[in-house]
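This structure is a prediction, so every number in the text was calculated from the model and none was measured.
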Amino acid sequence: MATDQDLVVETVRDILSGHEPFVLTPARRWDEGLWSALASAGLTGVGLPEEAGGSGGDLADAVAIVRTLASGAAAVPVAEQLLVAGPAVIAAGLTLPPVEEPLTFGIADTVTATPSGDGWTLTGTAADVSWAAVAAHVALLVTGPDGAALALLPTSGLDASDGYNLAGEPRSSLTLAETPAAVAPLNDAQARELRAGFALARAVQLSAALEQVLAWTVQYAGERHQFGRPLGKFQAIQMELAEMAGEVVAVTALTDAAVQALAHGSADVALAAAAAKVRAGAAVEVVARLAHQVHGAIGFTQEHKLHHLTRRLWSWRDEAGSELVWSRVLASGLLADGPDGLWPALTRVV
């Protein structure tokens, strides 16, 4: 019997079937039609409480939507809205903008929040903010007078650069000069969890995209014939597919564990997210390389679908913190309790 989550995923797939991936350009920076269809179905508020303006549901529902959209190379900021910015705004006690309007998130440590009269202003540059060029609002992790703070502001009228990642997704730098914003101070634990949540959102997307790339490659190896038999019958190709599958399984396991840690409010969520992001980033090099190797020349063409995901994999790998950044976080966390605490920490996180 189908669960509510299965029905949600099926709905997203039905919507996606009418919105094929396309090459993003400065003239067409996102799939506005897909966003409108998702918003009309109430899917841009899933996982956010109804009393705050969301559509209800839990974290697992939101993750399922993000995974489905990531595997379809959807050019919309749903991961940022459902898994990072939306929950962060609500947790900080700020007013959630209408979920029908795209909301994105960025880490802006060099932006300072300063009290001004009855409100706050922001000064500095927020670099490489995902989807800022198309979002209606942006939530930024900034530096306040006493530590980290979450700022929420509309994007209209902001001085934004026209930046893009390798997949063509907008990644703008926002220049703020005493710009008014709603601001809520965060303690160190809240700021750390917010950074981890952003990394986990990218790990969820990476996991889904890696699974889809593997599925496409297995399918192609079974359909493409060389020397009178399918590619998948050659031992060398079988070994490459097996290596890809091993990478995908490892990423999926760690990402699922991190999602569960977040859902249950575990104190280890930052370490679990770090492990997921590190493992997902490392898998990109193996899976993307072997996928293109098995596909051969056709996989590098604009007409073939493979590049829509592999270019996203290479882009998402470095966003929300690279493997180096999160490896340091992971190592520091595992060693926090000294030598005697290392093994319990390793088994607890994994």
Side-chain angles (χ1 to χ4, degrees), residues 8 11-12 15-16 18-19 21-22 24-49 52-55 57 61-70 72-90 92 94-108 126 128-141 150-165 167-174 176 179 181-182 194 197-198 201-202 204-205 312 315-316 319-320:
V8 168
T11 300
V12 176
I15 294 173
L16 268 177
H19 298 270
F22 56 89
L24 296 172
T25 65
R28 193 181 181 191
R29 298 177 291 185
W30 71 313
D31 196 334
E32 188 173 1
L34 174 58
W35 177 272
S36 297
L38 293 169
S40 297
L43 296 171
T44 56
V46 171
L48 305 176
S55 302
D61 297 323
V63 167
I65 291 171
V66 170
R67 285 182 55 83
T68 306
L69 291 171
V76 287
V78 172
E80 288 80 0
Q81 177 151 318
L82 297 189
L83 299 185
V84 194
V89 166
I90 293 170
L94 300 175
T95 301
L96 182 70
V99 295
E100 298 79 16
E101 300 175 357
L103 167 67
T104 192
F105 175 79
I107 294 176
D128 300 324
V129 180
S130 306
W131 303 104
V134 301
H137 294 82
V138 59
L140 297 173
L141 181 61
L150 183 71
L152 176 66
L153 67 160
T155 58
S156 60
L158 294 182
D159 183 6
S161 67
D162 290 328
Y164 306 90
N165 64 14
E169 296 173 327
R171 297 295 186 260
S172 302
S173 292
L174 305 177
L176 307 168
T179 305
L194 183 51
F198 191 22
R202 285 291 183 264
V204 167
Q205 292 178 290
R312 281 172 169 80
S315 299
W316 294 342
E319 294 178 356

If I compare all heavy atoms of [X] with all of [Y], which pair ends up nearest, and what's the gap?
{"X": "I15", "Y": "A41", "result": "CD1-CB, 4.1 Å"}
{"X": "A75", "Y": "L24", "result": "CB-CD2, 3.7 Å"}
{"X": "R29", "Y": "P170", "result": "O-CD, 3.4 Å"}
{"X": "A62", "Y": "L83", "result": "CB-CD2, 3.9 Å"}

Please confirm whether the backbone N or O of [Y] pairs with a side-chain atom of [X], one donor and one acceptor, at under 3.5 Å?
{"X": "T104", "Y": "A135", "result": "no"}
{"X": "S55", "Y": "G42", "result": "yes"}
{"X": "W30", "Y": "W35", "result": "no"}
{"X": "S172", "Y": "S161", "result": "yes"}

Task: Neighbour count >12 (heavy atoms, 6.0 Å) for atom CD, E101 - done: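 Yes, CD of E101 has more than 12 neighbouring heavy atoms, counting only those of other groups under 6.0 Å.
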A side-chain contact here means heavy atoms from C-beta on lying under 4.5 Å apart; do [X] and [Y] qualify?
{"X": "V76", "Y": "P102", "result": "no"}
{"X": "V84", "Y": "L194", "result": "yes"}
{"X": "V78", "Y": "L38", "result": "yes"}
{"X": "V46", "Y": "V99", "result": "no"}
{"X": "L158", "Y": "L153", "result": "yes"}
{"X": "P49", "Y": "I90", "result": "yes"}
{"X": "L152", "Y": "L140", "result": "no"}

Enter the distance from [X]:[atom1] to [Y]:[atom2] here, rounded to the nearest 0.5 Å.
{"X": "L103", "Y": "L96", "atom1": "CG", "atom2": "CG", "answer": "6.5 Å"}
{"X": "T11", "Y": "L16", "atom1": "OG1", "atom2": "CG", "answer": "11.0 Å"}
{"X": "L174", "Y": "T155", "atom1": "CG", "atom2": "OG1", "answer": "8.0 Å"}
{"X": "I65", "Y": "Q81", "atom1": "CD1", "atom2": "CD", "answer": "10.5 Å"}

TODO: Take the angle between the ring planes of F105 and F198 and call it parallel below 30°, perpendicular above 60°, tilted in between.
DONE: perpendicular
- [ ] Could you tell me which residues satisfy side-chain contact (heavy atoms from CB on, under 4.5 Å) with A92, sequence neighbours excluded, listed by chain and number?
- [x] L94, L150, A184, L186
TODO: Could you list the residues that satisfy side-chain contact (heavy atoms from CB on, under 4.5 Å) with N165, not counting sequence neighbours?
DONE: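 Only A167, E169, R171, S315, E319 meet the side-chain contact (heavy atoms from CB on, under 4.5 Å) criterion with N165.
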